[in-house]
Amino acid sequence: MEEKISLSNELIAGFLLTIVLSIGILAISSISGYSLVGNSGPLNIYLVMQDAMYNSCGQKFAHFAMLFLLAAIVFTGPFLVKIINKFATKNLAFFLKSLIYFGLAIFVLSGFFFWQDKPLNLLLGIVFIFMFYIYKNYLKSKSVACACTFFVIILLILSQFPGVLGRFDLSACDPTEIVSIQRHYNLVVAEGDRLAHGFKLLTAVTPHYGLLLPLICAIWQAHISPLAIGDYVNIMRFLQMISILSAAILFYLYSGRRMLYAFLPIIGLLPLYHFGQTAIAYPNNGPWRMFGFVLAVAILYIARNLSLNQLCLLLGATSGITILYNLETGIAITLGLIAYLYFRYRPFAENVSKLPIIVFLFFLSMLMVFAAYILGCYFGLGYIPDFLAFKKIFLTASFIGKTGFSGRKLLFSPMPFLVFAHAAYVLIINAIKFNKPFDFKHSFRAAIATMIIFWFAYYMNSPVPSYINSYWFMYSFLLIDLLKYLQANIRQAKAIVGPAMIAMFALSLAIIPRMVITYQEQLPVFVNALRVAIKGPARADAVEISGVYFDKNIANEIIDKTQFLKSIAGAGNQPMYITANGYLLGKISGIYPPLPYADTFAEIFSKNEYDNLIQAIAASNEKYIYFDAANSLLAGNEFVRGHYAQIRSDLSKWYEKTGQLHGFEIWTKKESN
C-alpha cells in the first residue's frame, strides 16, 4: 500500500483553482453565444445593432458557476484539505503538480501566441524580468528607493498638472463621436441636471449609474448655482486626482513603505487617471463610477485597528454609501467588506455569539445611510422619491442579464485571465488555511480578491480589452504581494523552476505588456490634452460653450438650436424635442422635453418601453415635435439615425412633417387627431 503524505496548502490551492477555471472554460464552451441582430425579440433593435452583436449569457453563466464553486470552497476550506489529504499519496502529489504545470504551460504558450503581433510588448516584459534578476542584489538599496520615489513624484505631477487647469477640447472630434459622448453623459452624469429642473427621481429620472452623485449635483444646482459641462469635467478630474493620490498612498502603505514594490502599481495606474484620460468623455469607465472602490479600500485600511462593533458600523455605512454611489460596484464592494469581516473575526465560529450583533450593526448603519439619503431628497428636492420605482433599475439590469444584451465574445487575453486566477487563488489559499481568525493583512487581501471576483461580472459580459483597466487599482495590492514574493525568492536557485517562475510569467506575459499598451493608448490623449492646456484648442476657430471647446460649425448648430428652443418655450411650456443631442440642448438651453428619457436611443432597452413611449406621445396634447434635421451635423451614426427615423415613422399616424427650421424638422399633429 502506498505511503500516505500531507500535501502542501499551495498545491491543494493550485489544484482547486485548476478545477474552478476548468469549470468556467467548460461552461463557456458548452453555452455558445449568438447574434442578436435580426433575432432581437423584445430588444431595441437599433441599440442592439449599435452595441451588441453577441449574447454573453454563456459567459455570465460560467462566471456564476465559478463564483458558486469558490463560495463552496471558502465555506468548506479546512474540511476540503482534510478530505484531500486523506487520499494523498506521492503519486497523487505528482499528478497534481503535473496538472498544474500543464495548465501553466498552456498559459505560457497562449501568452506567447497572443503577443505575436506585438513582439515589442512581450520583449519589454522579458527584459523587465531579466533586469529584475540581474540587479536583484541592489533592489533593497536606498538609492533604488529614492530613484523610484523621485520618478513617481515627477509622474504624479505631470499626470495632473498643468493640464488639469485646461478646458476640455472636443473641437477636433468627429460629430458622430460627440453624439456618442452625449449618450454617455446622459446615462452617467446628467441625471442631476434634470432633477434640478423638477423631474422626479425614480419616476421621470432613473439613474442607472448611481443615486448619490445625481442628488448632490441636483441639490447644488437647485440651491447654489448651475453646473456647466466644464464643471462636470472638473468634478471628474477632481475625483481622478483624489483617486490617484489615495491609491498611491495606499500602495505605499500596503507595501510596507517600500516604494520599490509600490512603484509598478502606481505607474500602471497613472495613465488610467491622468487629467485628460478617455473617461472624461466616457465617464462610465472612470472614477465617476469606480470611485467607490478607492473609498472602500481606504476605509478598510484606516479602520484596521477599530473594535469589532465600531468596524461593523463603519463598514455598514461604507456599504450603503458605495451602493448609493453605484449599485454594481457597490454590491461587489459590500461582498468584499463582508468577506473581510468573515476572515478577520470568523463570526461563524469563534465569535458566533456575536454574529447577531455584527449583522445588526452592519445593516443598521447601512439603513442609516439610506435614511440620510431620503432626508437629502426631502430637504434638497422637496419630496421623498417613490422607492418602489427603484425596481426599474433592477428590472433593467435583469433584462440585460437575461438577454445577454450589450455583450461581447470572450477571447483569451493574458491580463484578464491573470487577474481572475490570481484573485481566485488568494481566496482559495486563505479559505483552506482558515482555522482561526486572520490578521488584518490576510483579511484585507481576501476582501480585495472578493471584490475583484464579483466585479469580474462586468468583464465577463463585455470583455473589451480596455475594460480590464477598471481592475488595476484592486489588482495592484495582489501585484505588490507578487513583487515581494518574487524579490524574496529570486535570489535562490529554485526561483528558476519553483513557484517564483509563475510570478515571472505573470509579469512578462501579462502585466508589463498590458501596461505598455495602456501607455501607448493614453500617451497621445495626454499629449493632446497638455497641448490644449498650454496652447488652446486643436482648432483655431473653436468656440467655447459651457466650458468646453467645440468645432465652430458644430457650435453654431448647437447655439442655433438652443436659441430656437428658448424662443418657443413659454411659461410652463416645455417644447417636445426628440434628438440625438438631448444632453447638449438641455444643458445649454435649460429646457428639457416632457419625457422620462433624456436620450431615447440610449435609455430605451425594450420594445415594450418603446411602444409605451410612442403611445404616450400620441396621447399627449403636444402640437409640435422637433427632430434633428436630416442635414444636421449631430444626427449621429446610421444606427442612431435609424432609431429616430423609426420614431418618426411610428408617429406618422398622428403627426406629419410640416417644415424645417433652425436645424429641426418640425412635425405637427394632424387635425384629425
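When reading the values below, keep in mind they use all heavy atoms of this one structure, side chains included, and skip hydrogens, waters and symmetry mates. For reference, positions follow the sequence shown, starting with 1. A quick note: this is a predicted structure, and the numbers were derived from the prediction, not measured.
- In this structure, T76 contributes its side chain and F79 its backbone to no donor-acceptor pair below 3.5 Å.
- Using cut-offs of 30° and 60° for the angle between ring planes, the Y458 and Y467 rings count as parallel.
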*asked:* Between M474 and W455, does the side chain to side chain contact (heavy atoms under 4.5 Å, CB included) criterion hold? Intermediate values first, please.
replied: CA-CA 10 Å; M474 292 176 289; W455 177 237; 4.0 Å; yes
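- For an aromatic pair to be called close, the ring centres must be under 6.0 Å apart, and F505 with F107 fails this.
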*Run the side-chain hydrogen bond (donor to acceptor under 3.5 Å, both in side chains) check on D481 and Y254 step by step: do they pass?*
CA-CA 9 Å; D481 292 331; Y254 184 77; 2.8 Å; yes
*With side chain to side chain contact (heavy atoms under 4.5 Å, CB included) as the test, would you mind laying out the steps for F293 and I452 before giving the verdict?*
CA-CA 10 Å; F293 285 119; I452 290 174; over 6 Å; no
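- The line from CE of M451 to CG of L335 is 9.5 Å long, rounded to the nearest 0.5 Å.
- Judged by distance alone, with hydrogens and angles left aside, the side-chain atoms of H422 form no donor-acceptor pair with the main-chain N or O of L482 at under 3.5 Å.
- Using a distance-only test at 3.5 Å, with no hydrogens or angles considered, no donor-acceptor pair links the side chain of T322 to the main chain of Y325.
- Distance CD1/I511 to CG/L264: 7.0 Å, rounded to 0.5 Å.
- Of all heavy-atom pairs spanning M290 and S470, the tightest one is CE-CB, 3.7 Å.
- Heavy atoms only, all atoms of each residue included: P265 and I480 are closest at CG-CG1, 3.7 Å.
- For the 3.5 Å distance criterion, the side chains of K433 and N9 fail to qualify, holding no donor opposite an acceptor.
- When ring centroids are compared, F440 and Y301 come within the 6.0 Å threshold.
- Both the sub-6.0 Å distance and the 45° axial angle are satisfied by R346 relative to the ring of F434.
- R344 contributes a side-chain N or O that, together with a main-chain N or O of F438, makes up a donor-acceptor pair within less than 3.5 Å.
- Looking only at side-chain heavy atoms (C-beta outward), F362 and I338 come within less than 4.5 Å of each other.
- We find the CG-CE distance between L21 and M66 to be 7.0 Å, quoted to the nearest 0.5 Å.
- Using a 4.5 Å cut-off on side-chain heavy atoms (C-beta onward), L483 and Q487 make no contact.
- Note that OG of S319 is 8.5 Å distant from CD1 of I333, once rounded to the nearest 0.5 Å.
- Proximity of a side-chain donor or acceptor of S508 to a complementary backbone N or O of G125 within less than 3.5 Å is not detected.
- Annotation: ring pair (Phe, Tyr, Trp, His ring centres under 6.0 Å) contacts of F456 (sequence neighbours excluded): F420, Y459, Y471.
- Using a 4.5 Å cut-off on side-chain heavy atoms (C-beta onward), L7 and F15 make no contact.
- Closest non-hydrogen pair, P271 versus Q277, comes out as O-CB, 4.2 Å.
- Between E10 and K97 there is no salt bridge, since no side-chain N of the basic residue sits under 4.0 Å from a carboxylate O of the acidic one.
- Separation of atoms CD1 (I512) and CD1 (I517) is listed at 12.0 Å; rounding is to 0.5 Å.
- In this structure, the side chains of N85 and I12 come closer than 4.5 Å at one or more pairs of heavy atoms.
- Two residues are said to be in side-chain contact when any heavy atoms from C-beta on lie closer than 4.5 Å; L479 and Y475 meet this criterion.
- The shortest non-hydrogen separation linking V640 to N637 is N-OD1, 3.0 Å.
- With S413 contributing its side chain and P416 its backbone, the two residues share no donor-acceptor pair below 3.5 Å.
- Atom NZ of K484 has more than 12 neighbouring heavy atoms from other residues, nucleotides or ligands inside a 6.0 Å radius.
- Applying the side chain to side chain contact (heavy atoms under 4.5 Å, CB included) test to N284 and every residue at least two apart in sequence or in another chain returns H184, V188, Y209, Y282, R289.
- Ring orientation note: the planes of F477 and F444 are nearly perpendicular, at an angle over 60° on the 30°/60° scale.
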*asked:* side chain to side chain contact (heavy atoms under 4.5 Å, CB included), that's the test. Do N285 and N469 meet it? Break it down for me.
replied: CA-CA 9 Å; N285 291 322; N469 293 338; over 6 Å; no
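- Under the 4.5 Å side-chain criterion, counting only non-hydrogen atoms from C-beta, L337 is not in contact with T450.
- A side-chain N or O of T329 and one of N326 form a donor-acceptor pair less than 3.5 Å apart.
- By the 6.0 Å contact criterion, OH on Y519 is enclosed, its count of non-hydrogen atoms from other residues, nucleotides or ligands being greater than 12.
- Of the N and O atoms on the side chains of T278 and Q522, at least one donor lies less than 3.5 Å from an acceptor on the other residue.
- Atom CZ of R445 and atom CG of D439 lie 8.0 Å apart (nearest 0.5 Å).
- Nearest heavy atoms, F291 versus S243: CD1-OG, 3.3 Å.
- I244 places none of its side-chain heavy atoms less than 4.5 Å from the side chain of Q240.
- Annotation for L486 and M504: closest pair CD1-CG, 3.8 Å, computed over non-hydrogen atoms.
- Residues N430 and H442 have side chains in contact (heavy-atom distance under 4.5 Å, counting atoms from C-beta outward).
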_Using side chain to side chain contact (heavy atoms under 4.5 Å, CB included), reason through F114 and S110 one step at a time and then give a plain yes or no._
CA-CA 6 Å; F114 181 84; S110 301; over 6 Å; no
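- Counting heavy atoms of neighbouring residues, nucleotides and ligands inside a 6.0 Å radius, atom CZ of F102 does not exceed 12 of them.
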